[in-house]
Amino acid sequence: MSALNAATAHPALRLLIVEDDLRTAHSLRELLEESPNPRFEVQHVSCAAAAVETLRNSPIDIVILDLGLPDASDLQALVRLEATVHEVPIIVLTGRGDDALAIDALHFGAEDFLHKGSFNFPSLIRSIRYAVERHRGIRDLARMKTQLENVNRDLERLTLIDPLTELLNRRGLQQALTREIQHLGRAHSTSAALIVDLDDFKQINDRLGHGAGDVVLKEVERRLRASLRAVDYVGRIGGDEFMLLLPETDPPEVTRVAERIRLAIATAIVQHSTGTVTLTASIATLLLTTELPAVDELV
């Protein structure tokens, strides 16, 4: 394999030395530059602030960190670097007699520690390999955990959302209703529910097909959302039935909202592949009470 192919097959590790003692930093750089595998691209800074700035702006694979910096004592620099980026393994440098501090550093996220003045090439490379591989395993587990949490969150969301309109389904509405009923017992205010039923919707499906019906339902969803506040809830409880929950809304405002929704639907002209559809809707309103804690009871 040519030198170029070898370099491509084994890209250099980007290593940051954070050390205010130039002699120690020079010794580290000399040892690292002797390594053919892994190869290193070395950067050096002398304080914690510069290290944080470098980590924010440059891709770094591993950090060797002195615990005695001019702008950070003991574990302060480690904490600052860990807060900046969790994905980069850190090896700490300690003076002789600092073993207790080094062990504390491991508890705060460091992968390994080296004694100043006593490390050699084999021990340095071994420590770096160990830190990189161990952190890769931790990083992979963390990524898998995050992916699993995202999947579970998406699955939970799907159990609450109507797949066609992306409004709340009955289960999602029930959760919202339960919260509002609990709030009624604590607040001196009124809340309301509206049920919107599209008139003669079955004829649209029968005459134009379910594809056109789906287009109509999505347009109704858009107009319902546009007619409500951000704090209101809107859901689909049946084929052409929708339920709206209006927290902390007085009766005159409920009437105004119902009329606004009726007009929004009545003025809709829905385009589909074979023409246009116009709509009307019937709307029922009801003030929420603790005696009506379920969606089915409201309906």
Side-chain angles (χ1 to χ4, degrees), residues 153 155-208 210 212-270 272 276-299:
R153 186 164 53 250
L155 289 174
E156 174 64 19
R157 179 180 178 274
L158 289 174
T159 66
L160 304 176
I161 299 296
D162 172 60
L164 174 64
T165 61
E166 297 187 352
L167 298 173
L168 294 173
N169 59 18
R170 278 181 178 259
R171 185 166 181 260
L173 277 168
Q174 184 59 60
Q175 287 192 8
L177 177 61
T178 299
R179 286 194 295 269
E180 293 309 313
I181 293 294
Q182 291 172 348
H183 182 69
L184 284 179
R186 300 189 300 267
H188 300 289
S189 62
T190 56
S191 298
L194 278 68
I195 294 180
V196 179
D197 189 357
L198 301 182
D199 298 328
D200 301 321
F201 181 75
K202 185 176 182 298
Q203 292 186 15
I204 296 175
N205 280 335
D206 292 343
R207 182 165 50 90
L208 302 175
H210 288 277
D214 289 348
V215 173
V216 169
L217 292 173
K218 289 178 181 178
E219 177 62 20
V220 171
E221 168 266 322
R222 189 185 68 80
R223 289 177 176 258
L224 289 176
R225 288 186 192 272
S227 301
L228 299 177
R229 305 168 298 177
V231 297
D232 298 330
Y233 304 93
V234 55
R236 182 184 177 202
I237 56 175
D240 61 343
E241 288 183 316
F242 301 84
M243 178 177 285
L244 290 63
L245 301 178
L246 312 181
E248 299 187 15
T249 306
D250 58 31
E253 180 61 20
V254 173
T255 302
R256 287 191 289 271
V257 171
E259 179 61 11
R260 185 161 66 242
I261 290 171
R262 188 192 68 78
L263 287 173
I265 294 174
T267 55
I269 301 176
V270 184
H272 61 89
T276 60
V277 173
T278 57
L279 303 166
T280 59
S282 301
I283 303 176
T285 66
L286 182 69
L287 293 181
L288 296 182
T289 70
T290 55
E291 284 74 36
L292 293 172
V295 167
D296 288 341
E297 291 178 292
L298 288 178
V299 174

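Just the heavy atoms: all of them, side chains too, but no hydrogens, waters or symmetry mates, feed the values below.
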Point to revise | Min side-chain heavy-atom separation Ile237-Asn169 under 4.5 Å | key: no
Review point. To the nearest 0.5 Å, how far apart are CD1 in Ile195 and OG in Ser282?
Key: 11.5 Å
Exercise for review: Using the side chain to side chain donor-acceptor pair (under 3.5 Å) rule, pick out the option among Lys202, Gln203, His210 that qualifies with Asp206.
Suggested key: Lys202
Practice item. Return the set of residues passing side-chain hydrogen bond (donor to acceptor under 3.5 Å, both in side chains) with Thr285 (not counting sequence neighbours), or none when no residue passes. Key: none
Review point. Looking at Leu298 and Ala193, what are the two nearest heavy atoms and their distance?
Key: CD1-CB, 4.1 Å
**Study point:** Test item: Ser227 and Val257 side chains (from C-beta on) under 4.5 Å apart, heavy atoms
**Key:** no
Review point. Within the distance-only criterion (no hydrogens, no angle test), does the side chain of Asp199 pair as donor or acceptor with the backbone N or O of Leu279 below 3.5 angstrom?
Key: no
Check your understanding: Side chain of Asp232, backbone of Arg229: donor and acceptor closer than 3.5 Å?
Key -> yes
Review point. Sequence neighbours excluded, which residues qualify as side-chain hydrogen bond (donor to acceptor under 3.5 Å, both in side chains) partners of Glu253?
Key: Arg256
**Study point:** Nearest-0.5 Å distance that lies between atom CG in Leu160 and atom CG in Leu173
**Key:** 10.0 Å
Check your understanding: How far does CD of Gln182 sit from CD of Glu180, to the nearest 0.5 angstrom?
Key -> 9.5 Å
Check your understanding: Does some side-chain heavy atom of Val215 sit less than 4.5 Å from a side-chain heavy atom of Val270?
Key -> yes
Practice item. Sort and list the pairs that fulfil salt bridge (Lys or Arg N to Asp or Glu O under 4.0 Å) and have at least one residue in residues 276-297, not counting sequence neighbours. Key: Arg170-Asp296
Review point. Roughly how far apart are Leu184 CG and Glu248 CD, rounded to 0.5 Å?
Key: 9.0 Å
Review point. Closest heavy-atom contact between Gln174 and Pro293?
Key: NE2-O, 3.0 Å
Review point. Do you know the tightest heavy-atom contact between Arg262 and Ile283?
Key: N-CD1, 3.7 Å
**Study point:** Evaluation steps, side chain to side chain contact (heavy atoms under 4.5 Å, CB included), between Val277 and Leu208
**Key:** CA-CA 10 Å; Val277 173; Leu208 302 175; 3.5 Å; yes
Exercise for review: Could you pull out all residues at least two apart from Leu164 that satisfy side-chain contact (heavy atoms from CB on, under 4.5 Å)?
Suggested key: Asp162, Asp214, Leu217, Lys218, Arg236
Study note, to complete from the structure: Residues Leu177 and Ala294: closest non-hydrogen pair is CD2-C, 3.5 Å
Which atom pairs, one a donor and one an acceptor, fall under 3.5 Å between side chains of residues 238-246 and the rest of the protein, sequence neighbours left out?
none

Exercise for review: To the nearest 0.5 Å, tell me how far His183 NE2 sits from Leu288 CG.
Suggested key: 11.0 Å
Practice item. Go through the steps for Gln175 and Leu168 under the test side chain to side chain contact (heavy atoms under 4.5 Å, CB included), then give the verdict. Key: CA-CA 10 Å; Gln175 287 192 8; Leu168 294 173; over 6 Å; no
Review point. Taking atom types as modelled, is there a side-chain donor on Thr190 or Asp250 under 3.5 Å from an acceptor on the other?
Key: no
Check your understanding: Given side chains that start at C-beta, do those of Ser191 and Thr249 come closer than 4.5 Å, heavy atoms only?
Key -> no
**Study point:** Partner residues of Arg222 under the side-chain hydrogen bond (donor to acceptor under 3.5 Å, both in side chains) criterion, sequence neighbours left out
**Key:** Glu219
Point to revise | Closest non-hydrogen atom pair between Leu228 and Leu224, with its separation | key: CG-O, 3.2 Å
Study note, to complete from the structure: What one should report as the nearest heavy-atom pair of Phe201 and Gly213 is CZ-O, 3.6 Å
Exercise for review: Look up atom CZ in Arg179 and atom CD1 in Ile181, then write down how far apart they are to the nearest 0.5 Å.
Suggested key: 12.5 Å
